[in-house]
Amino acid sequence: MADPDGSTFVPTFDFDAEEVWIGEDPANAGRPGVLSQGTYGAKVAVDLILGLLDGKGIKGTFFVVGKVAERYPDKVRRIIAEGHEVAVHGYTHRSPTTLTREEEEDELTRTLAMLRDLGADPVGYRSPSWDFSENTLPLLAAAGLAYSSNMMDDIRPYVHEGYDIVELPVQWMLDDAAHFWFADSTWTKKISRTSEVREIWTEEFLGIHALGGLTVLTMHPQIIGRPSRLRMFDAFLDFVREQEGVRIMTAREAAAAAR
Ligand code: ZN
């Protein structure tokens, strides 16, 4: 049973390549083997994801780390050229809670300028780690951004109190990293089966859909872009599209529709 007004589905990709590993542990900067997991995202996965989205005529939202845009400008240009949305995911992949106000402002303005130079018109922000500092919202507002996609306190978009910024809520269940992330610091953790993740995403999406809410799927090229997971994502997208009353949008469109 679906809400008569339908629901909104927003596929998003955090393009953080090597930077997520360096953010996790700065010592990883000297470990090419560890970093190569992130390189896979830029070298192989982004193109596969763009091909998949193109085949379905779906536009996605890519939150890009500034340093990744510096290292892979052609990938970011291709994302933009194919009509997808590009938004900000920090300059480094450090949590805002570890930065001074000046550092956080510099990360934001530097990445905005860089993405604009590549041809994007970013209006959204996702923090590395979904963490906010006390300065984050004021800085986003000062930069004129329209939306954030970081909080877990709702299943519907809302406007942050005191700021003209729409929140597009996320959740760990709807994040590929929560299910598939694997590192030497999590050696005893088992990597989830794609079928298990498909089941979790399907149930949560159907629940949100029935309530007429917003499903923001958070993925990472280096994680969802593994061949087996792409097949799962492909089938999941088809399932989502088959449900009556689902509007598939970019984050920017969802934020505009929520206003
Ligand atoms: Zn990230």
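We number each residue from 1, following the sequence as shown. Atoms within each ligand, like the ligands themselves, are counted from 1 in listed order.
Atom CZ of Arg193 is surrounded by 12 or fewer heavy atoms from other residues, nucleotides or ligands within 6.0 Å.
The distance cut-off of 2.8 Å around the Zn ion (ligand 1) captures these protein N, O or S atoms, sorted by chain and number: Asp16 OD2, His89 NE2, His93 NE2.
Not one N or O on the side chain of Gln243 forms a donor-acceptor pair closer than 3.5 Å with the backbone of Val240.
For the residue pair Ser95 / Asp131, a side-chain donor-acceptor distance below 3.5 Å is found, with atom types taken as modelled.
Sorted by first and then second residue, the ring pair (Phe, Tyr, Trp, His ring centres under 6.0 Å) pairs involving residues 92-111 (not counting sequence neighbours) are His89-His93.
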Would you tabulate the side-chain donor-acceptor contacts of residues 51-69 under 3.5 Å, counting partners in other chains and residues two or more places apart, or write 'none'?
from, atom 1, to, atom 2, distance (Å)
Lys56, NZ, Asp234, OD1, 2.7
Lys56, NZ, Asp238, OD1, 2.8
Lys56, NZ, Asp238, OD2, 3.4
Lys59, NZ, Glu82, O, 2.9
Thr61, OG1, Glu85, OE1, 2.8
Thr61, OG1, Ala251, N, 2.8

Scan the side chains in residues 136-145 for donor-acceptor partners under 3.5 Å anywhere in the protein, sequence neighbours excluded, and list what turns up.
from, atom 1, to, atom 2, distance (Å)
Thr136, OG1, Glu104, OE2, 2.6
Thr136, OG1, Ser133, N, 2.8
Thr136, OG1, Ser133, O, 3.4
Thr136, OG1, Ser133, OG, 3.2

